[in-house]
Amino acid sequence: MFIVSVILRLPNLDRPLSKHHEFCTAIALRIVQIWDAEGIEKFGRNPVMNYPGAENKYINNYANTSGDMVDAEGNYYYVSHPPFAYYLPYYVFTVLNINPTVLSLQVLNMLLHFLSGLFIYMTVCLLSKTRVRGQVFAPALVAFLFYIFAPPTMWFQSNVYMADMLVHVIFIIGLYTALKMIIRERFSTFKYLFAFFLSIFLMVYTSWLGFFFTFALLIYGFVRLQDNTGFFIPIALAMLATSIAIVLIIYQYSSINGFDAYFREAAMRFGMRSSFSGASSVTGWISEKINQVVLLFFNYAVNYGHIILLIGVLIFQTFKKKMPKLEFSENGYRFIWLSSLPVILLHLVFLNYSGQDFSVLYASAFYAVLMGIMYDKMKAVFAKRSLQMWMAGILVLGVFMYYFVNRPGSESIKGFKYSHYREIAREMKSEIEGGEVLFVSGYKPDPQLITEMRRNIKQVKSEEEAIKFLKFRDLSDGILFNSEADGSIREIVRIKNE
């Protein structure tokens with residue numbers, strides 16, 4: 001069934017990077033490509049964003065907001081997330097001797113999608129006290145299928161790779177690991193403690209969701225501590241893993257240009273993404289937050305509307321007393337707490353960030369496992385074949401939504417040509433004669449174009465500003481592309497620093 005999901009995605013694979021957050025893939029790929037070209041040790045294992053060559057230095061293309069995260073050689077660094085999401089593809093590709101390309105990154109992302117689905121299956125088996133290695137367990141299979149064919153997982157665990165996506169995989173693994181340790185109360189078994197510690201550390205060392213998962217775990221652990229002192233061990237381990245990750249992040253990123261520079265950048269990124277930023281007036285801020293909440297609900301409706309529809313049917317059938325009441329065991333409530341609270345907290349704290357629809361990916365674990373539980377309840381009321389047909393119909397609706405949002409062919413749902421950035425890149429490359437600095441006016445170069453070019457491009461307002469930059473860098477030649485708002489080139493000017 002997973003292979004079927006890959007076949008369904010073939011029309012969208014290995015095409016030019018375009019819209020629907022493929023700029024994330026472009027940023028991650030740029031970092032891995034530069035490491036591959038020059039070696040990761042040269043940059044202190046930090047996420048560098050400037051390609052090799054003097055013509056690419058001191059150009060801040062979506063690297064950092066403050067402009068302070070730059071080294072003495074003019075390399076800017078992307079420190080908006082911890083670095084583990086870039087380490088994983090880099091070391092996998094290095095070990096397997098694979099070139100870092102769009103397709104190789106997409107294939108890795110889909111393998112992580114499959115791994116996530118397996119842990120969803122294992123989670124349902126764990127909650128149902130069923131052996132994973134026994135016969136296929138129908139509710140777990142249903143959960144696996146709803147996870148694999150959910151619109152956000154099919155897209156964001158395929159075409160879009162970034163820390164925001166990798167942390168979701170570790171979140172699912174960490175969720176299963178924590179539940180297994182808690183349910184079996186294995187608070188002194190090394191393999192459980194090691195897996196728990198490692199999942200927490202890697203989650204925090206990847207993205208923000210790890211902090212909220214740790215917070216949810218600590219709340220649960222402290223509540224249970226009065227009944228079971230064994231919870232002291234996972235509490236201590238969670239705090240230790242989080243603390244080590246935080247210290248490592250600060251130490252590593254402050255090595256670029258000092259502690260002050262990193263803390264300024266971190267504060268600016270937090271401010272941009274948090275729920276507290278926005279309009280200066282109270283009414284404007286409230287209006288902005290209402291719009292963000294509406295957008296968040298819209299994203300959930302688009303990505304999980306088919307599942308929400310089924311939940312509505314269940315509630316209706318329960319109300320009519322044609323179906324057993326949906327009840328959860330203690331383990332079920334543990335799952336609900338650990339799978340939903342971190343996502344809710346992330347939306348509450350980072351409402352501005354949550355407007356990006358990949359943030360609803362994190363809820364897919366909750367919805368998928370819930371579907372498995374609902375299937376187990378519904379099979380007592382509906383005939384097996386009719387229930388299977390109904391479930392299949394809901395899955396087809398999910399695939400339809402995937403295609404509706406991510407339309408195969410030559411253009412997106414909004415009429416944007418998928419080849420847009422590649423065409424601009426071809427025109428630019430045809431004009432390059434040597435190591436000229438590339439300038440553009442009238443347009444801020446998107447990450448997709450930067451990665452397609454494998455060159456950094458300096459945005460300027462005029463030819464005079466471009467000449468000033470060449471003098472600052474003591475470089476002689478540049479090319480200025482006067483562009484339209486979408487990046488289309490309308491005039492080419494060759495610049496000499498004489």
Distance flag, aromatic centroids of F23 and H21, threshold under 6.0 Å: yes

Worked check of ring pair (Phe, Tyr, Trp, His ring centres under 6.0 Å) between Y362 and H347: CA-CA 10 Å; Y362 306 141; H347 290 326; 7.7 Å; no

Stepwise side-chain hydrogen bond (donor to acceptor under 3.5 Å, both in side chains) test for Q292 and S354: CA-CA 8 Å; Q292 289 173 350; S354 297; over 6 Å; no

Any F146 side-chain heavy atom under 4.5 Å of I120 side chain: no

Main-chain N/O of C125 paired to S128 side chain as donor or acceptor, under 3.5 Å: no

Mutual orientation of the aromatic rings belonging to F187 and F231 [parallel < 30°, tilted 30-60°, perpendicular > 60°]: tilted

Shortest non-hydrogen contact between I98 and S104, atoms and distance: CG2-CB, 3.8 Å

Beyond-backbone contact of I457 with I59, side-chain heavy atoms, under 4.5 angstrom: no

Donor-acceptor contact present, side-chain S199 to main-chain F196, <3.5 Å: yes

F276, CZ: over 12 other non-hydrogen atoms inside 6.0 angstrom: yes

Exam field: side chain N61 to backbone P447, donor-acceptor pair closer than 3.5 Å: no

L397/L309 under side chain to side chain contact (heavy atoms under 4.5 Å, CB included): CA gap, chis, key distance, verdict: CA-CA 10 Å; L397 274 178; L309 172 66; 4.3 Å; yes

Full working for side chain to side chain contact (heavy atoms under 4.5 Å, CB included) between Y147 and M154: CA-CA 9 Å; Y147 180 83; M154 286 186 70; over 6 Å; no

Non-hydrogen side-chain atoms of T153 and I148 separated by less than 4.5 Å: no

Where V160 and T25 come nearest, the two heavy atoms and their spacing: CA-OG1, 3.2 Å

Residues E330 and R224 bridged, charged N to O under 4.0 Å: yes

Geometric class of the H81/Y78 ring pair [parallel <30°, tilted 30-60°, perpendicular >60°]: tilted

Output field: ring centroids H306/Y402 closer than 6.0 Å: no

Worked verdict on R269 versus T65 for side-chain hydrogen bond (donor to acceptor under 3.5 Å, both in side chains): CA-CA 7 Å; R269 296 301 296 178; T65 306; 3.0 Å; yes

Side chain to side chain contact (heavy atoms under 4.5 Å, CB included) evaluation trace for S255 with N46: CA-CA 9 Å; S255 69; N46 289 312; 3.5 Å; yes

Flag, side chain of Y375 to backbone of L370, donor-acceptor distance under 3.5 Å: no

Within the 6.0 Å centroid threshold, strictly below: F358 and Y353: yes

Flag if over 12 foreign heavy atoms under 6.0 Å of CD1, I3: no

Cation over ring face, K57 and Y76, 6.0 Å, 45°: no

Note, R9 side chain near M110 side chain (heavy atom, < 4.5 Å): yes

Shortest non-hydrogen separation from L8 to Y403 and the atoms involved: O-OH, 2.5 Å

Side chain to side chain contact (heavy atoms under 4.5 Å, CB included) evaluation trace for L341 with F212: CA-CA 8 Å; L341 183 61; F212 298 113; over 6 Å; no

Ring geometry between F171 and H168 (parallel below 30°, tilted from 30 to 60°, perpendicular above 60°): tilted

From OG (S5) to CG (L395), nearest 0.5 Å: 11.5 Å

Euclidean distance, N50 CG relative to I450 CD1, rounded to 0.5 Å: 10.0 Å

Nearest atoms (heavy-atom pairs only) where V32 meets P100: CG1-CB, 3.7 Å

Euclidean distance, L193 CG relative to T177 OG1, rounded to 0.5 Å: 11.5 Å

Taking every non-hydrogen atom, the tightest pair across A178 and F213: CB-CZ, 4.4 Å

Gap between atom NZ of K444 and atom CG of L449 - 0.5 Å precision: 13.5 Å

Exceeds 12 heavy-atom contacts within 6.0 angstrom, atom CD of Q135: no

Heavy-atom donor-acceptor pair, N159 side chain to N12 backbone, under 3.5 Å: yes

Residue of the set Y87, F43, Y51, Y77 for which ring pair (Phe, Tyr, Trp, His ring centres under 6.0 Å) holds with W35: Y87

Side chains of S359 and D164 in contact at under 4.5 Å (non-hydrogen atoms): no

Check against side-chain hydrogen bond (donor to acceptor under 3.5 Å, both in side chains), Y262 and Q252: CA-CA 10 Å; Y262 173 61; Q252 187 172 353; over 6 Å; no

Inter-residue atom distance L17.CG - Y421.OH, 0.5 Å rounding: 10.0 Å

Closest approach of A216 to W337 (non-hydrogen atoms, all atoms of both residues): O-NE1, 3.0 Å

Side-chain donor/acceptor of N109 to backbone N/O of L105, under 3.5 Å: no

Test item: V169 and Q157 side chains (from C-beta on) under 4.5 Å apart, heavy atoms: yes

Any donor-acceptor pair under 3.5 Å from Y121 side chain to P139 backbone: no

Side chain to side chain, I173 and L115, heavy atoms closer than 4.5 Å: yes

Residue F215 excluded, over 12 heavy atoms near CZ under 6.0 Å: no

Donor-acceptor contact present, side-chain E265 to main-chain D68, <3.5 Å: no

Enclosure of F194 CZ (heavy-atom neighbours >12, cutoff 6.0 Å): no

Check: H113 ring centroid to F2 ring centroid under 6.0 Å: yes

M122 side, atom CE; L127 side, atom CG - distance, nearest 0.5 Å: 12.0 Å

Donor-acceptor contact present, side-chain Y304 to main-chain S364, <3.5 Å: yes

Whether N257 side chain and D71 backbone form a donor-acceptor pair below 3.5 Å: no

F350 and W208 aromatic ring geometry - parallel, tilted or perpendicular at 30°/60° bounds: tilted

